[in-house]
Amino acid sequence: MCGIIGMVAKGPVNQALYDGLTVLQHRGQDAAGIMTFDNGRLYLRKNNGLVRDVFHTRHMVKLLGNMGIGHVRYPTAGCSSSAEAQPFYVNSPYGISLAHNGNLINDEQLKQEVFQADLRHINTESDSEILLNVFAHELFRERRLEIGYQEVFKAVEGVHRRCRGAYAAVAMINNYGIVGFRDPNGIRPLCFGRRKTEAGMEYVIASESVAMDVLGFERVRDVAPGEAIFIDMQGNVHSRQCAKNPVLAPCIFEYVYLARPDSIIDDVPVYQSRLHMGETLADKILRDWPDHDIDVVIPIPDTSRTSALQMAYKLNVPYREGFIKNRYIGRTFIMPGQKQRSKSVRQKLNPIELEFRDKNVLLVDDSIVRGTTSRQIVQMAREMGARKVYLASAAPPVKYPNVYGIDMPAADELIAHGRSVEEVAQLLGCDRLIYQDLDDLVEAVRRSNPKLTRFDCSCFDGNYVTGGVTSDYLGAVEARRSDAAKNAKATADEAATMGVYNHA
């Protein structure tokens, strides 16, 4: 999960790209980057850290030009190297830079093809660099001194033929424009918008519509699965379906947790979908536990607030804020490595004893993935004097690895994998655990857009919409991306750094 943005404007885009990335910061806190183009030259700033820390005034003034792309990174593989910060760039052909959100599942095969057949070299472990080189090679095959939107769309067609997995991307082609494209299943979100200025129309492509809202752009629509949208430097917009048999199957976890509530994804207001999740979960409690003794509903901030509020209303139970969140601590779910996640929970949340003492408390979370955070929060509630602690999840049990760009790679790291609800409740230390049913979750999202007939629910049901996800592939992913692998790499990196330091 990353955040991407691209813009073609009539004036400098550096500040707008910065502002857009700040509202996409929830999609990645590990690294940030902006690349702009002006009069035949590229300007780049990228590094590890939050947007506000990566870009200072001295960097911003050097990001010249009316066209550019930006990226905030969340490391699926747990890598913290600044070498893998995006955008990436290749010189041939024309000079192309790219920012990518998602994950390719045939990256190893593509890496061999890119090296042996396309005669290109990959410098990092990032599949985003592979995607860039595939796109660049497909565009190079046209063998033209100058290109137009037809050649760009043919290159995207080649990407769709060769790449499998989830990818929403923006690519900037020097002297020509920006293209945004989405994989044939539309797993990761992408939308585009426009705004009218005195100098003419300006256009933006971004992961979420909230970036457009902040920048004063009108959201035009979502990019369709398999579609490419090309905006040339003169401000002309071209679009084409570039995939055979595209089927929209967005990741349902975007609505549960990843996206901001004020975004609209595939014509579904995220906030409204979370209200519906709260309604259906409350209905389940009333159906299966009509004589419940819940005294108060307390959300685990921030993502679950919307669902918890609607649950309290339907259950006719008081809603209270029982945890105060430290705004200067990042989202624990997207931190690489179990050690860092565990350490941050108590730094992030502080309970208010008044709301727990001598009460039967229903804690509401958006989802339960590894269970580490939930276990600590349940313990906090008990320490504050709660008589009973119940836990509700707006999502179904997360039982299977996600391979499309969300950091839940190893099945044995998922607390619900191979366990009953009662067993999970016992491990979490809660008196009762209520999960959303998958059919109810799908209906909660579809209620705002009945045209959505399919979702990627792979982390809940193990069905991967792209196909090609074998047990061997999952084993290889686990070996590279499990918490054990991340911690080992972090230890090695720390030792290497200390070695260099000591030697110096």
Side-chain angles (χ1 to χ4, degrees), residues 4-17 20 34-43 63-70 87 89-90 93-100 132 135-136 138-160 167-182 186 189-207 209 211-213 215-243 246:
I4 61 176
I5 188 170
M7 186 179 300
V8 177
K10 300 300 181 181
V13 296
N14 52 355
Q15 187 63 53
L17 290 173
I34 291 175
M35 181 175 281
T36 60
F37 176 82
D38 183 58
N39 292 323
R41 295 190 64 181
L42 288 169
Y43 301 89
L63 293 170
L64 306 177
N66 300 349
M67 178 172 74
I69 61 176
Y89 173 78
V90 291
Y94 315 112
I96 304 171
S97 50
L98 178 141
H100 163 228
L132 167 60
F135 175 72
E138 293 299 318
L139 195 57
F140 176 75
R141 292 174 62 177
E142 297 300 315
R143 298 291 204 282
R144 292 178 179 268
L145 286 176
E146 295 186 357
I147 58 170
Y149 64 89
Q150 301 282 6
E151 289 75 26
V152 173
F153 291 151
K154 286 182 181 179
V156 176
E157 289 175 6
V159 170
H160 291 331
Y167 50 93
V170 288
M172 182 168 63
I173 308 170
N174 294 358
N175 291 306
Y176 291 101
I178 285 178
V179 58
F181 55 92
R182 199 175 177 195
L190 195 66
C191 55
F192 81 101
R194 64 191 175 198
R195 70 181 176 189
K196 189 174 182 179
T197 68
E198 292 182 0
M201 294 297 295
E202 299 181 333
Y203 295 91
V204 65
I205 301 172
S207 293
S209 62
M212 300 175 187
D213 298 337
L215 298 175
F217 280 76
E218 169 199 1
R219 174 183 172 272
V220 176
R221 61 179 176 85
D222 296 280
V223 178
E227 183 185 22
I229 294 178
F230 180 65
I231 307 163
D232 64 31
M233 292 188 66
Q234 290 70 46
N236 301 306
V237 180
H238 311 271
S239 64
R240 179 183 296 176
Q241 177 53 251
C242 298

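Annotation for Val90 and Ala136: closest pair CG2-CB, 3.8 Å, computed over non-hydrogen atoms. Taking all atoms of both residues into account, the shortest heavy-atom contact from Ala243 to His160 is CB-CD2, 3.6 Å. Pairing each heavy atom of Ala99 with each of Gly70, the nearest pair is CB-O, 3.8 Å. Between Pro225 and Pro246, the shortest heavy-atom distance links the atoms O-CB, 3.4 Å. Taking each heavy atom of Ala211 and Ala206 in turn, the nearest pair found is CB-CB, 4.1 Å. In terms of heavy atoms, Ala224 sits closest to Arg182 at O-CB, 3.8 Å.
Inter-residue side-chain proximity for Met7 and Leu17 is flagged as met; some heavy-atom pair is nearer than 4.5 Å. The shortest distance between side-chain heavy atoms of Val237 and Asp232 does not fall below 4.5 Å. Residues Asp38 and Tyr43 have side chains in contact (heavy-atom distance under 4.5 Å, counting atoms from C-beta outward). The shortest side-chain heavy-atom distance between Glu227 and Arg240 does not fall under the 4.5 Å cut-off. Contact check for Phe181 versus Val159: side-chain heavy atoms found under the 4.5 Å cut-off. Between Leu42 and Met35, some side-chain heavy-atom pair lies under the 4.5 Å cut-off. Contact of the Ile34 side chain with the Ile69 side chain is not registered, since no non-hydrogen atoms from C-beta on lie closer than 4.5 Å.
Rounded to the nearest 0.5 Å, atoms SG (Cys242) and CD1 (Ile229) are 10.0 Å apart. Rounding to the nearest 0.5 Å places CG of Asn66 at 10.5 Å from CZ of Phe37. A distance of 10.5 Å separates OG in Ser239 from OH in Tyr149, rounded to the nearest 0.5 Å.
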> Do Ile205 and Ile231 pass the side chain to side chain contact (heavy atoms under 4.5 Å, CB included) test, and can you show the C-alpha distance, the side-chain angles, and the key distance before you say yes or no?
Replying inline: CA-CA 10 Å; Ile205 301 172; Ile231 307 163; 3.9 Å; yes
>> Please determine whether side chain to side chain contact (heavy atoms under 4.5 Å, CB included) holds for the pair Leu139 and Ile173, giving the CA-CA distance in whole Å, both sets of side-chain angles, and the decisive distance to 0.1 Å.
In response: CA-CA 10 Å; Leu139 195 57; Ile173 308 170; 4.0 Å; yes
> Given Ile5 and Leu215, is the side chain to side chain contact (heavy atoms under 4.5 Å, CB included) satisfied, shown in steps?
Replying inline: CA-CA 12 Å; Ile5 188 170; Leu215 298 175; 4.1 Å; yes
>> Does Met172 form a side chain to side chain contact (heavy atoms under 4.5 Å, CB included) with Ile96? I'd like the steps, not just the answer.
In response: CA-CA 6 Å; Met172 182 168 63; Ile96 304 171; over 6 Å; no
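For Tyr94, the ring-ring contact (aromatic ring centres under 6.0 Å, His included) partners two or more places apart in sequence, or in a different chain, are Tyr176. Every residue two or more places apart in sequence or in another chain that forms a side-chain hydrogen bond (donor to acceptor under 3.5 Å, both in side chains) with Asp222 is listed here: Arg219. Evaluation of the side chain to side chain contact (heavy atoms under 4.5 Å, CB included) rule for Arg194 yields Met201, Tyr203, Glu218, Val220 as partners, not counting sequence neighbours.
Not one N or O on the side chain of Arg195 forms a donor-acceptor pair closer than 3.5 Å with the backbone of Gly216. Within the 3.5 Å criterion, the main-chain N or O of Phe135 finds no donor-acceptor partner in the side chain of Glu138. Side-chain atoms of Arg41 do not come within 3.5 Å of backbone N or O of Thr36 as any donor-acceptor pair. With hydrogens and angles disregarded, no donor-acceptor distance shorter than 3.5 Å links the side chain of Gln150 to the backbone of Val152. Judged by distance alone, the side chain of His100 and the main-chain N or O of Tyr167 form no donor-acceptor pair under 3.5 Å. With hydrogens and angles disregarded, a donor-acceptor distance shorter than 3.5 Å links the side chain of Ser207 to the backbone of Ile4.
Within 6.0 Å of CZ on Arg221 lie more than 12 heavy atoms contributed by other residues, nucleotides or ligands. Atom CZ of Phe140 has 12 or fewer heavy atoms from other residues, nucleotides or ligands within 6.0 Å.
A salt bridge links Glu151 with Arg144: at least one charged nitrogen is closer than 4.0 Å to a carboxylate oxygen.
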